[in-house]
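Accompanying notes for the structure given below.
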Amino acid sequence: MKFQTITGTKDILPSESSLWQHIEQTARSVFKRFGYSEIRTPVFEDTNLFLRGIGETTDIVGKEMYTFKPSAESEESLTLRPEMTASVMRAYLQHSLGAQSPVVKVYYISELFRKEKPQKGRYRQFWQFGAECIGSANPEADAEVIAMMMMIYDELGIKNTTLKLNSLGDIETRKRYRTILQDYLRPHFDKLDAVSKERFEKNPLRILDSKNPDLKELIENAPRILECLDEVSKSHFETVKTYLDDFGVKYVIDHRLVRGLDYYSRTAFELVSSDLGAQDALGGGGRYDGLGEQLGAEKEIPAVGFASGIERLLIALESAGISEKIQPPKPDVMLVAQSPLARGWIMKTAQAWRKEGLTVETDLLARSLKAQMREANRLGATFAVIVGENELQTGKFQLKNLLTSEQKEIQQEDLLSEIKTRTA
RNA sequence: GUGAUUGUAGCUCAGCUGGUUAGAGCGCCUGAUUGUGGCUCAGGAGGUCGCGGGUUCGAGUCCCGUCUUUCACCCCA
């Protein structure tokens, strides 16, 4: 029996981890500059958290959750987290984070679990980085979150993206618009496809999202939610757009952008890339003022956030030719031993130099000098030091620069400082 | 869940209508006169042809099942 990864899961191998670290470091760096702190929550939660938070009619909750009982006789139901926002809000409420500071700004880099059929840019265990800004109802928060997300992509060098922007208004607006949309669609009901007919009652806004080309014209001519906005949402949206203009963040208004999770209100946004195939969303987010109350808060808790798929970002980095430029770190020096006695010396010296901060390689296979040199070259070491009986007796060492092929004789006591200055 | 698609050395792939010990490139290892890498040359290791059945004198090649890969629908990051 050969073991292998479960369908929809992936190993991140040593050859790829540099790229992952590069993405994570870039994200952390931007988050830090915006004053966001990291939050880490458990990978599993009470199933009800997601039922309440995400919405029971959504596909995520309806058919994509990994739900299990901690033991056969237990009443409890647990679920591997399919997204982070509900967990973050749960932590915010549980620890009364809002009582300590009026605005709580957190980010995460986490793995999530959804039992979907895998395809390009979609896995059953996948990674997201994202941020939540909790406590401000003002458009400044929306603008900042969007700008922060865009800055990460910008610093990673991602081009060919489109930022889509829309506003869903407040809850009243959505209710009102829902009726308006249904009234518009009702005379055309027979023309709708099966999926859209299904959505007509349950979630008519999703019909706008349909990829069916036959419905294109119908959807184009549908009444737009932006024209139905309440006054507060309208001016909120205008202010968000003004800030984005000021920041130089480019966007397009997309009337069809209706985010899938129930808790969104007002601002909704999505960053799409043409490099990605059918799953074209690199990241997305929006305002979710209603979530806190859904999870049991006494009053409305205004909040806005975004989430980005790391595997999808990887695809975009790949097609932009950026991923190949991120190389794994290379050793400063390879210590090459020519005899058993020399091997003892290089082991001790390697240990000492590593404490000094150098990246030092040695051959663990006791191979020939030639093989050790080959290894040094393969690893991309800057220097090789060849250590044999002569060196140990005379205290004079051959320091070879593998990048230039220059070799010179150095006194033992000067080796470390020479290598340090030349690799700094 | 539905519909397609893939599966041969570590990697990328050949293998014609079923026929003797399954190949290439890259990578890996060793060597090219005894203490020196990268290029070149020579040699070498490495494969239950996803797995299980079946057809056949004979299957990597045909059939069935199963798992897996990839892509799309659905949905989403």
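Note that the structure is a prediction, hence the values are computed from the model and not measured. Numbers restart at 1 for each chain; the letters A, B, ... are given by sequence-line order, proteins then strands.
For the side-chain contact (heavy atoms from CB on, under 4.5 Å) test, no residue two or more places apart in sequence or in another chain qualifies with A/Ser37. Applying the side-chain contact (heavy atoms from CB on, under 4.5 Å) criterion to A/Asn138, with sequence neighbours excluded, gives A/Ser136, A/Glu140. Checked against side-chain contact (heavy atoms from CB on, under 4.5 Å), A/Leu97 has the following partners two or more places apart in sequence or in another chain: A/Tyr92, A/His95, A/Gln100, A/Val104.
Taking a cutoff of 4.0 Å between a charged side-chain nitrogen and a carboxylate oxygen, A/Lys32 and A/Glu38 do not qualify as a salt bridge. Salt bridge status for A/Glu155 with A/Arg33: present, with a side-chain N to carboxylate O gap under 4.0 Å. Between A/Arg176 and A/Glu172 there is no salt bridge, since no side-chain N of the basic residue sits under 4.0 Å from a carboxylate O of the acidic one.
Position along RNA chain B of the nearest nucleotide to A/Lys400 versus A/Asp280 favours A/Lys400 as the more 5'-ward residue. Heavy-atom nearest nucleotides on RNA chain B were determined for A/Thr404 and for A/Gln128, and the one closer to the 5' end corresponds to A/Thr404.
The ring of A/Phe397 has its center closer than 6.0 angstrom to the ring center of A/Trp345.
B/A4 and B/A42: their C1' atoms are spaced 49 Å apart (whole Å). Between B/G54 and B/G31, the two C1' atoms lie 50 Å apart (nearest whole Å). A distance of about 13 Å separates the C1' atoms of B/A22 and B/U48, rounded to the whole Å. Between B/A9 and B/A45, the distance separating the two C1' atoms is 11 Å to the nearest Å. Nucleotides B/G7 and B/G52 are separated by 15 Å at their C1' atoms, to the nearest Å. Separating the C1' atom of B/C13 from that of B/G47 is a span of 14 Å, rounded to the nearest Å. Between B/G10 and B/C71, the two P atoms lie 24 Å apart (nearest whole Å). Atom name C1', nucleotides B/G18 and B/C63: the rounded distance is 13 Å, in whole Å.
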Find every protein N or O atom lying less than 3.5 Å from an N or O atom of nucleotides 65-71 of chain B, and list the pairs.
unit_1: B/U68; atom_1: OP1; unit_2: A/Thr7; atom_2: OG1; d: 2.7
unit_1: B/U69; atom_1: OP2; unit_2: A/Thr7; atom_2: OG1; d: 3.4
unit_1: B/C71; atom_1: OP2; unit_2: A/Lys120; atom_2: N; d: 2.7

Interface polar pairs with nucleotides 48-50 of chain B, N/O, under 3.5 angstrom:
none

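Side-chain atoms of A/Arg114 come within donor-acceptor range of the base of B/A77, with a qualifying N/O pair under 3.5 Å. A donor-acceptor contact under 3.5 Å is formed by the side chain of A/Arg122 with the base of B/C74.
Of the side-chain N and O atoms in A/Lys370, one or more sit less than 4.0 angstrom from OP1 or OP2 of B/G37.
Put simply, CD1 on A/Ile54 is 13 Å from C1' on B/A77, counting in whole angstrom units. A/Arg124 has its CZ atom 14 Å from the C1' atom of B/C76, to the nearest Å. The interatomic distance linking A/Met373 (CE) with B/G37 (P) rounds to 7 Å, in whole Å. Note: CG (A/Leu271) to C1' (B/C76) measures 15 Å, nearest angstrom.
Within 6.0 Å of the CZ atom in A/Phe44, the count of heavy atoms belonging to other residues, nucleotides or ligands does not exceed 12. Heavy atoms of other residues, nucleotides or ligands lying less than 6.0 angstrom from CZ of A/Arg90 number more than 12.
Heavy atoms of A/Leu282 sit under 4.0 angstrom from primed sugar atoms or phosphate atoms, though from no base atom. Contact annotation for A/Glu64: backbone-only contact, meaning every heavy-atom pair under 4.0 Å involves sugar-phosphate atoms and none involves a base.
Of the residues in residues 374-394 of chain A, those with a non-hydrogen atom less than 4.0 angstrom from any atom of RNA chain B are A/Arg374, A/Asn377, A/Arg378, A/Ile386, A/Asn390, A/Glu391.
Applying the salt bridge (Lys or Arg N to Asp or Glu O under 4.0 Å) test between A/Arg81 and each of A/Glu111, A/Glu64, A/Glu45 identifies A/Glu111 as the sole match. Checked options A/Phe306, A/Phe269, A/Phe247; the residue passing with A/Ile146 is A/Phe269 (criterion: side chain to side chain contact (heavy atoms under 4.5 Å, CB included)).
Nearest to the side chain of A/Arg367, among B/A77, B/C29, B/G31, sits B/C29.
Across all strands shown, B/G44 is found opposite B/C28 as a Watson-Crick or G-U wobble partner, with both distances under 3.5 Å.
A donor and an acceptor atom, one from each side chain of A/Glu132 and A/Tyr288, are located under 3.5 Å apart. Using modelled atom types, one finds no donor on one side chain facing an acceptor on the other under 3.5 Å when comparing A/Arg343 with A/Ser339.
Glycosidic conformation at B/G47 (O4'-C1'-N9-C4 for purines, O4'-C1'-N1-C2 for pyrimidines): anti, more than 90° from 0.
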